[in-house]
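Worksheet for the structure shown next.
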Amino acid sequence: DLEAVSCYDKALAIDPQDARTWSLKGAALHVLGQHKEEIDCYNKAIEIDPRNASAWSLKGTLLLNLEQYEEALGCYNKALALDPLNVIVWDYKGDTLIKLGRCAEAIGCYDKALAIKPQSTNVWFHKGMALFLLGRTEEGLSALDKALAGDPRNTKAWVLKGAVLSDLGRVEEAIGCCDRALSIEPQNSHTWFCKGSWLGTLGRDKDAVRCCDRALSIDAGNTEALLWKGSRLARLGSHEDAIRLYDDVLAINPRNVGA
(Lines give C-alpha, C1' and ligand atoms only; values in the text may rest on other atoms or scores of the structure.)
Protein backbone atom coordinates (compact mmCIF):
# COMPACT_ATOMS: atom_id res chain seq x y z
CA ASP A 1 0.00 0.00 0.00
CA LEU A 2 2.99 2.30 0.31
CA GLU A 3 3.41 1.68 -3.39
CA ALA A 4 -0.23 2.68 -3.97
CA VAL A 5 0.26 5.91 -2.02
CA SER A 6 3.34 6.65 -4.12
CA CYS A 7 1.34 6.13 -7.31
CA TYR A 8 -1.41 8.46 -6.11
CA ASP A 9 1.21 11.08 -5.19
CA LYS A 10 2.57 10.93 -8.73
CA ALA A 11 -0.93 11.29 -10.17
CA LEU A 12 -1.64 14.26 -7.90
CA ALA A 13 1.62 15.91 -8.90
CA ILE A 14 0.20 15.93 -12.45
CA ASP A 15 -3.36 16.88 -11.48
CA PRO A 16 -3.66 18.12 -7.88
CA GLN A 17 -7.37 18.94 -8.41
CA ASP A 18 -8.43 15.32 -8.96
CA ALA A 19 -10.83 14.71 -6.06
CA ARG A 20 -11.18 11.00 -6.81
CA THR A 21 -7.43 10.44 -6.52
CA TRP A 22 -7.36 12.26 -3.18
CA SER A 23 -10.07 9.90 -1.93
CA LEU A 24 -8.20 6.85 -3.19
CA LYS A 25 -5.01 8.03 -1.51
CA GLY A 26 -6.96 8.42 1.73
CA ALA A 27 -8.27 4.85 1.45
CA ALA A 28 -4.71 3.58 0.91
CA LEU A 29 -3.49 5.51 3.95
CA HIS A 30 -6.31 3.95 5.99
CA VAL A 31 -4.81 0.50 5.39
CA LEU A 32 -1.49 1.84 6.66
CA GLY A 33 -3.12 3.26 9.80
CA GLN A 34 -2.08 6.82 8.94
CA HIS A 35 -5.38 8.36 9.98
CA LYS A 36 -4.36 12.02 10.25
CA GLU A 37 -3.01 12.01 6.70
CA GLU A 38 -6.04 9.96 5.61
CA ILE A 39 -8.57 12.51 6.83
CA ASP A 40 -6.54 15.31 5.25
CA CYS A 41 -6.97 13.54 1.91
CA TYR A 42 -10.75 13.27 2.32
CA ASN A 43 -10.95 16.92 3.34
CA LYS A 44 -8.96 17.89 0.25
CA ALA A 45 -11.25 15.80 -1.97
CA ILE A 46 -14.31 17.49 -0.43
CA GLU A 47 -12.73 20.93 -0.78
CA ILE A 48 -12.24 20.30 -4.51
CA ASP A 49 -15.62 18.63 -5.02
CA PRO A 50 -18.15 19.12 -2.19
CA ARG A 51 -20.54 16.78 -4.06
CA ASN A 52 -18.12 13.85 -3.84
CA ALA A 53 -20.35 11.37 -1.97
CA SER A 54 -17.57 8.79 -1.75
CA ALA A 55 -15.23 11.19 0.06
CA TRP A 56 -17.96 12.08 2.57
CA SER A 57 -18.68 8.38 3.14
CA LEU A 58 -15.02 7.44 3.57
CA LYS A 59 -14.48 10.31 5.99
CA GLY A 60 -17.55 9.17 7.94
CA THR A 61 -16.25 5.63 8.22
CA LEU A 62 -12.88 6.82 9.49
CA LEU A 63 -14.61 8.97 12.11
CA LEU A 64 -16.84 6.03 13.07
CA ASN A 65 -13.75 3.87 13.60
CA LEU A 66 -12.21 6.68 15.69
CA GLU A 67 -15.39 6.75 17.83
CA GLN A 68 -16.24 10.32 16.75
CA TYR A 69 -19.85 9.36 16.23
CA GLU A 70 -21.59 12.73 15.86
CA GLU A 71 -19.04 13.86 13.28
CA ALA A 72 -19.38 10.53 11.44
CA LEU A 73 -23.17 10.93 11.38
CA GLY A 74 -22.82 14.36 9.78
CA CYS A 75 -20.62 12.91 7.05
CA TYR A 76 -23.04 10.09 6.31
CA ASN A 77 -25.91 12.58 6.09
CA LYS A 78 -23.91 14.56 3.51
CA ALA A 79 -23.13 11.38 1.56
CA LEU A 80 -26.75 10.23 1.54
CA ALA A 81 -28.02 13.64 0.44
CA LEU A 82 -25.81 13.17 -2.63
CA ASP A 83 -26.31 9.41 -3.09
CA PRO A 84 -29.56 8.32 -1.39
CA LEU A 85 -29.48 4.80 -2.88
CA ASN A 86 -26.18 3.79 -1.29
CA VAL A 87 -27.01 0.73 0.83
CA ILE A 88 -23.60 0.64 2.53
CA VAL A 89 -23.87 4.23 3.74
CA TRP A 90 -27.39 3.64 5.10
CA ASP A 91 -25.99 0.60 6.92
CA TYR A 92 -23.06 2.56 8.38
CA LYS A 93 -25.33 5.42 9.39
CA GLY A 94 -27.45 2.88 11.27
CA ASP A 95 -24.35 1.48 12.98
CA THR A 96 -23.37 5.01 14.03
CA LEU A 97 -26.81 5.66 15.48
CA ILE A 98 -26.56 2.43 17.51
CA LYS A 99 -23.26 3.70 18.95
CA LEU A 100 -25.10 6.88 19.93
CA GLY A 101 -27.86 4.86 21.60
CA ARG A 102 -30.42 5.87 18.97
CA CYS A 103 -31.52 2.37 18.02
CA ALA A 104 -35.01 3.27 16.79
CA GLU A 105 -33.50 5.71 14.28
CA ALA A 106 -30.96 3.07 13.30
CA ILE A 107 -33.78 0.68 12.37
CA GLY A 108 -35.16 3.38 10.07
CA CYS A 109 -31.79 3.46 8.27
CA TYR A 110 -31.70 -0.31 7.94
CA ASP A 111 -35.23 -0.29 6.54
CA LYS A 112 -34.13 2.30 3.94
CA ALA A 113 -31.23 0.02 2.98
CA LEU A 114 -33.43 -3.07 2.79
CA ALA A 115 -35.94 -1.27 0.59
CA ILE A 116 -33.08 -0.82 -1.88
CA LYS A 117 -31.44 -4.22 -1.41
CA PRO A 118 -33.71 -6.67 0.47
CA GLN A 119 -31.13 -9.50 0.39
CA SER A 120 -28.38 -7.57 2.22
CA THR A 121 -27.35 -9.98 4.98
CA ASN A 122 -25.21 -7.41 6.81
CA VAL A 123 -28.14 -5.04 7.07
CA TRP A 124 -30.45 -7.78 8.37
CA PHE A 125 -27.79 -8.65 10.97
CA HIS A 126 -27.44 -5.05 12.12
CA LYS A 127 -31.21 -4.57 12.17
CA GLY A 128 -31.48 -7.68 14.36
CA MET A 129 -28.95 -6.17 16.75
CA ALA A 130 -30.85 -2.87 16.98
CA LEU A 131 -34.14 -4.67 17.60
CA PHE A 132 -32.53 -6.81 20.31
CA LEU A 133 -31.10 -3.72 22.01
CA LEU A 134 -34.60 -2.20 22.01
CA GLY A 135 -35.98 -5.35 23.67
CA ARG A 136 -37.91 -6.36 20.56
CA THR A 137 -36.49 -9.86 20.77
CA GLU A 138 -38.91 -11.79 18.55
CA GLU A 139 -38.47 -9.25 15.74
CA GLY A 140 -34.73 -9.34 16.27
CA LEU A 141 -34.75 -13.12 15.98
CA SER A 142 -36.66 -12.90 12.70
CA ALA A 143 -34.14 -10.40 11.29
CA LEU A 144 -31.21 -12.61 12.31
CA ASP A 145 -32.83 -15.63 10.67
CA LYS A 146 -32.99 -13.62 7.43
CA ALA A 147 -29.31 -12.71 7.81
CA LEU A 148 -28.34 -16.34 8.36
CA ALA A 149 -30.54 -17.59 5.51
CA GLY A 150 -28.43 -15.45 3.18
CA ASP A 151 -25.10 -16.06 4.88
CA PRO A 152 -25.06 -19.16 7.10
CA ARG A 153 -21.34 -18.65 7.83
CA ASN A 154 -21.88 -15.33 9.61
CA THR A 155 -20.52 -16.28 13.01
CA LYS A 156 -21.45 -12.95 14.61
CA ALA A 157 -25.05 -13.49 13.57
CA TRP A 158 -25.04 -16.98 15.10
CA VAL A 159 -23.70 -15.65 18.41
CA LEU A 160 -26.15 -12.74 18.46
CA LYS A 161 -28.98 -15.14 17.68
CA GLY A 162 -27.78 -17.14 20.68
CA ALA A 163 -28.03 -14.03 22.86
CA VAL A 164 -31.57 -13.38 21.64
CA LEU A 165 -32.60 -17.00 22.29
CA SER A 166 -31.03 -16.90 25.75
CA ASP A 167 -32.99 -13.74 26.48
CA LEU A 168 -36.13 -15.61 25.45
CA GLY A 169 -35.27 -18.43 27.87
CA ARG A 170 -34.29 -20.83 25.07
CA VAL A 171 -30.81 -21.46 26.46
CA GLU A 172 -30.19 -24.90 24.92
CA GLU A 173 -30.88 -23.42 21.49
CA ALA A 174 -28.54 -20.54 22.31
CA ILE A 175 -25.75 -23.03 23.04
CA GLY A 176 -26.52 -24.71 19.71
CA CYS A 177 -25.97 -21.37 17.98
CA CYS A 178 -22.54 -21.10 19.62
CA ASP A 179 -21.74 -24.60 18.39
CA ARG A 180 -22.65 -23.54 14.85
CA ALA A 181 -20.41 -20.50 15.12
CA LEU A 182 -17.53 -22.54 16.57
CA SER A 183 -17.81 -25.10 13.77
CA ILE A 184 -17.01 -22.21 11.40
CA GLU A 185 -14.57 -20.23 13.57
CA PRO A 186 -13.25 -22.44 16.38
CA GLN A 187 -10.63 -19.94 17.56
CA ASN A 188 -13.05 -17.22 18.59
CA SER A 189 -12.53 -16.43 22.28
CA HIS A 190 -15.77 -14.46 22.63
CA THR A 191 -17.87 -17.32 21.27
CA TRP A 192 -16.35 -19.78 23.72
CA PHE A 193 -17.12 -17.31 26.53
CA CYS A 194 -20.74 -17.00 25.38
CA LYS A 195 -21.13 -20.76 25.31
CA GLY A 196 -19.65 -20.96 28.80
CA SER A 197 -21.94 -18.24 30.11
CA TRP A 198 -25.05 -19.99 28.84
CA LEU A 199 -23.89 -23.36 30.16
CA GLY A 200 -23.45 -21.67 33.52
CA THR A 201 -27.01 -20.37 33.50
CA LEU A 202 -28.11 -24.01 33.15
CA GLY A 203 -26.06 -24.92 36.24
CA ARG A 204 -23.46 -26.81 34.19
CA ASP A 205 -20.60 -25.05 35.96
CA LYS A 206 -17.83 -27.53 35.14
CA ASP A 207 -18.69 -27.36 31.43
CA ALA A 208 -18.79 -23.57 31.71
CA VAL A 209 -15.29 -23.53 33.23
CA ARG A 210 -13.99 -25.70 30.37
CA CYS A 211 -15.43 -23.27 27.82
CA CYS A 212 -13.84 -20.33 29.64
CA ASP A 213 -10.53 -22.18 29.59
CA ARG A 214 -10.84 -22.51 25.81
CA ALA A 215 -11.67 -18.81 25.55
CA LEU A 216 -8.63 -17.91 27.66
CA SER A 217 -6.31 -20.22 25.73
CA ILE A 218 -7.15 -18.08 22.68
CA ASP A 219 -7.16 -14.70 24.45
CA ALA A 220 -5.65 -14.65 27.93
CA GLY A 221 -6.89 -11.08 28.37
CA ASN A 222 -10.56 -11.92 27.90
CA THR A 223 -11.84 -10.35 31.11
CA GLU A 224 -15.40 -11.58 30.56
CA ALA A 225 -14.14 -15.17 30.51
CA LEU A 226 -11.94 -14.58 33.56
CA LEU A 227 -14.86 -13.14 35.54
CA TRP A 228 -17.28 -15.85 34.50
CA LYS A 229 -14.77 -18.62 35.22
CA GLY A 230 -14.19 -17.06 38.65
CA SER A 231 -17.91 -16.98 39.40
CA ARG A 232 -18.33 -20.62 38.38
CA LEU A 233 -15.30 -21.72 40.43
CA ALA A 234 -16.74 -19.89 43.45
CA ARG A 235 -20.01 -21.80 43.02
CA LEU A 236 -17.99 -25.01 42.84
CA GLY A 237 -16.27 -24.11 46.11
CA SER A 238 -12.85 -23.14 44.67
CA HIS A 239 -12.85 -19.71 46.30
CA GLU A 240 -9.08 -19.13 46.33
CA ASP A 241 -8.85 -19.91 42.60
CA ALA A 242 -11.76 -17.54 41.98
CA ILE A 243 -10.05 -14.72 43.89
CA ARG A 244 -6.88 -15.22 41.84
CA LEU A 245 -8.90 -14.83 38.65
CA TYR A 246 -10.53 -11.64 39.94
CA ASP A 247 -7.03 -10.33 40.75
CA ASP A 248 -6.03 -11.12 37.16
CA VAL A 249 -8.97 -9.06 35.92
CA LEU A 250 -7.98 -6.12 38.12
CA ALA A 251 -4.41 -6.37 36.87
CA ILE A 252 -5.74 -5.99 33.34
CA ASN A 253 -8.33 -3.31 34.20
CA PRO A 254 -8.18 -1.84 37.71
CA ARG A 255 -11.52 -0.09 37.09
CA ASN A 256 -13.44 -3.32 36.39
CA VAL A 257 -16.28 -3.22 38.91
CA GLY A 258 -17.20 -6.85 38.19
CA ALA A 259 -14.06 -8.07 39.92
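Computed from heavy atoms alone, side chains included, the values below leave out hydrogens, waters and symmetry copies.
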Transitive ILVMFWY cluster of Leu134, excluding itself - 4.5 Å side-chain cut-off: Ile107, Leu131
May I have all residue pairs that pass ring pair (Phe, Tyr, Trp, His ring centres under 6.0 Å) and include part of residues 1-41, sequence neighbours excluded? His30-His35
Any pair with a residue in residues 62-96 that passes ring pair (Phe, Tyr, Trp, His ring centres under 6.0 Å), sequence neighbours left out, goes on the list, sorted by first then second residue, please. none
Considering residues at least two apart in sequence or located in another chain, which fulfil the salt bridge (Lys or Arg N to Asp or Glu O under 4.0 Å) criterion with [X]?
X: Lys44; value: Glu47
X: Arg170; value: Glu173
X: Asp9; value: Lys25
X: Glu37; value: none

Would you list the pairs meeting salt bridge (charged side-chain N to carboxylate O under 4.0 Å, His left out) in which at least one residue belongs to [range], sequence neighbours left out?
range: residues 213-230; value: Asp213-Lys229
range: residues 122-135; value: Asp111-Lys127
range: residues 96-106; value: Arg102-Glu105
range: residues 65-92; value: none

Would you please name every residue forming a side chain to side chain contact (heavy atoms under 4.5 Å, CB included) with Leu58, sequence neighbours left out? Ser23, Tyr42, Ser54
